[in-house]
Amino acid sequence: MLPVVTALTCFLCGKTYDHSLVQGLCECGRPLRVDHDIHPGTMSLAEVALRPPDMWRYREVMPDCEPITLGEGMTPLHEASVLGADWWIKDEGVNPTASFKARGMSAAVSMARKFGSRKVAVPSAGNAGGALAAYAAKAGIEAHVFMPRDTPRACIVECECHGAFVNLVDGLITDCANEIARRKDQEGWFDVSTLKEPYRIEGKKTMGYELFEQLGGLPDALVYPTGGGTGLIGMWKAFDEMERLGWIGRERPQMVSVQAEGCCPIPTAYTNGERFARMHENAQTVASGLRVPKAVGDFIMLDLIRVSGGTALTVSDNEMVACAREMAAQTGVFACPEGGATLAAAKTLLASHYFRETDKVVLFNTGSGVKYLEALSL
Ligand SMILES: Cc1ncc(COP(=O)(O)O)c(C=O)c1O
Ligand SMILES: [Zn+2]
């Protein structure tokens with residue numbers, strides 16, 4: 001069956017937009033959600049199981065386009081025993097371009113090509129830029145990547161090798177985004193910033209479908225290193241779709257967001273009982289993917305964390321690096337600092353009895369340690 005997209009709907013105000021046209025943010029300034037016509041029978045697990053092991057196997061709920069693919073998705077889910085608890089690690093580091101960003105960019109670039117875009121631009125903490133550069137290379141589209149000057153070197157070299165135009169900015173990812181916003185109309189760039197176009201979420205949501213397929217059900221909780229939030233928001237959307245498909249009922253995993261002590265707008269807003277997060281001034285962390293001081297989808301994350309009975313917490317840079325190394329040494333998964341942050345957070349939650357040893361908890365290693373040699377070296 002072909003996917004049937006019905007509309008794009010604002011996550012905040014509910015205004016709908018025509019999905020046959022290129023759309024960015026809602027006029028209220030917030031992200032748009034891709035709505036599919038989904039009902040029991042739209043997609044069966046038995047059929048999906050026979051398809052190639054990549055994220056496009058969920059094609060009935062994917063964007064309606066010819067995929068630009070490098071084989072992203074269907075990453076391994078490893079059992080990992082830590083401190084007596086039986087947890088799982090979803091290893092996104094084995095995706096093309098060595099991070100989960102491949103999923104979002106495969107979907108976004110496929111749609112950008114469908115709409116005839118010739119030039120795409122993204123502000124990036126590193127991994128999104130590398131992924132955009134690779135998928136744009138495959139699609140024959142020009143990529144313009146804006147990254148903070150202190151982005152891990154592997155990501156910069158990766159973008160250059162894929163033929164992207166690399167712009168290093170003295171500032172944070174928010175400064176990179178402002179630079180793109182200022183120049184994009186004049187330069188003819190299509191802006192694929194996190195949540196500023198609707199389709200990256202559609203790629204990221206496949207992590208939720210995969211978890212369900214791989215575990216044969218939902219976990220009790222998942223721990224996710226949060227920057228702009230596409231992963232959390234995407235998986236939450238997948239669970240809603242799975243309910244409409246008749247795969248699950250109203251149950252959901254507890255959604256746990258982890259950020260760095262030096263950049264923690266989401267845990268701060270969560271603790272203060274706020275729906276919108278404030279800008280985190282002077283953001284600093286070695287986990288470049290978590291150095292997002294302000295996210296346009298903040299309220300979506302905060303809503304889903306609360307509705308799921310989840311939580312949001314911080315870990316220090318030292319803890320996340322130590323835990324990334326521990327994950328590598330104990331499980332064979334060469335984790336990035338962001339992945340290490342999930343282990344550090346889960347340990348804290350186990351010690352505080354938020355998690356029980358019997359809880360089925362999934363940690364997301366969102367990228368490969370190979371990209372972070374500076375941060376992971378002793
Ligand atoms: C390795 C890694 N983990 C996590 C994140 C945060 O991802 P999200 O925007 O889905 O919250 C990023 C974003 O750059 C990243 O590169
Ligand atoms: Zn709106």
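Remember, it's 1-based here, ligands and their atoms both numbered in the order they're listed.
- Evaluation of the side chain to side chain contact (heavy atoms under 4.5 Å, CB included) rule for Ala335 yields Ala324, Met327, Asn365 as partners, not counting sequence neighbours.
- With side-chain heavy atoms closer than 4.5 Å counting as contact, directly or through intermediates, the hydrophobic cluster containing Val169 also holds Phe146, Ile180, Trp189.
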For each nitrogen or oxygen atom of ligand 1, which protein N/O atoms lie closer than 3.5 Å, and how far apart are they, rounded to 0.1 Å?
from: ligand 1; atom 1: 3 (N); to: Thr366; atom 2: OG1; distance (Å): 2.6
from: ligand 1; atom 1: 9 (O); to: Gly228; atom 2: N; distance (Å): 3.0
from: ligand 1; atom 1: 9 (O); to: Gly229; atom 2: N; distance (Å): 3.2
from: ligand 1; atom 1: 10 (O); to: Tyr224; atom 2: OH; distance (Å): 2.8
from: ligand 1; atom 1: 10 (O); to: Thr230; atom 2: N; distance (Å): 3.2
from: ligand 1; atom 1: 10 (O); to: Thr230; atom 2: OG1; distance (Å): 2.9
from: ligand 1; atom 1: 10 (O); to: Gly231; atom 2: N; distance (Å): 3.0
from: ligand 1; atom 1: 11 (O); to: Gly227; atom 2: N; distance (Å): 2.7
from: ligand 1; atom 1: 11 (O); to: Gly228; atom 2: N; distance (Å): 3.3
from: ligand 1; atom 1: 11 (O); to: Gly229; atom 2: N; distance (Å): 2.7
from: ligand 1; atom 1: 14 (O); to: Lys101; atom 2: NZ; distance (Å): 3.2
from: ligand 1; atom 1: 16 (O); to: Asn127; atom 2: ND2; distance (Å): 2.9

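- Closest approach of Arg200 to Ser193, counting heavy atoms only: NH1-C, 3.3 Å.
- Distance alone, capped at 3.5 Å, is enough to place a donor-acceptor pair between the Asp317 side chain and the Val286 backbone.
- Note on the Zn ion (ligand 2): protein N, O or S atoms under 2.8 Å away count 4, no waters included.
- For the salt bridge (Lys or Arg N to Asp or Glu O under 4.0 Å) with Asp298, the lone residue among Arg278, Arg275, Arg30 that qualifies is Arg30.
- Between Lys237 and Asp240 no salt bridge is recorded (no basic side-chain N to carboxylate O distance below 4.0 Å).
- Look at Glu187 and Lys119 and you find no salt bridge, because none of the NZ, NE, NH1 or NH2 atoms lies under 4.0 Å from a carboxylate O.
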From CA spacing to verdict: side-chain hydrogen bond (donor to acceptor under 3.5 Å, both in side chains), Trp56, Ser106:
CA-CA 10 Å; Trp56 294 94; Ser106 173; 3.1 Å; yes
Go through the steps to decide whether Asp150 and Arg291 satisfy the test side-chain contact (heavy atoms from CB on, under 4.5 Å), and finish with yes or no.
CA-CA 11 Å; Asp150 56 356; Arg291 214 163 38 179; 3.2 Å; yes
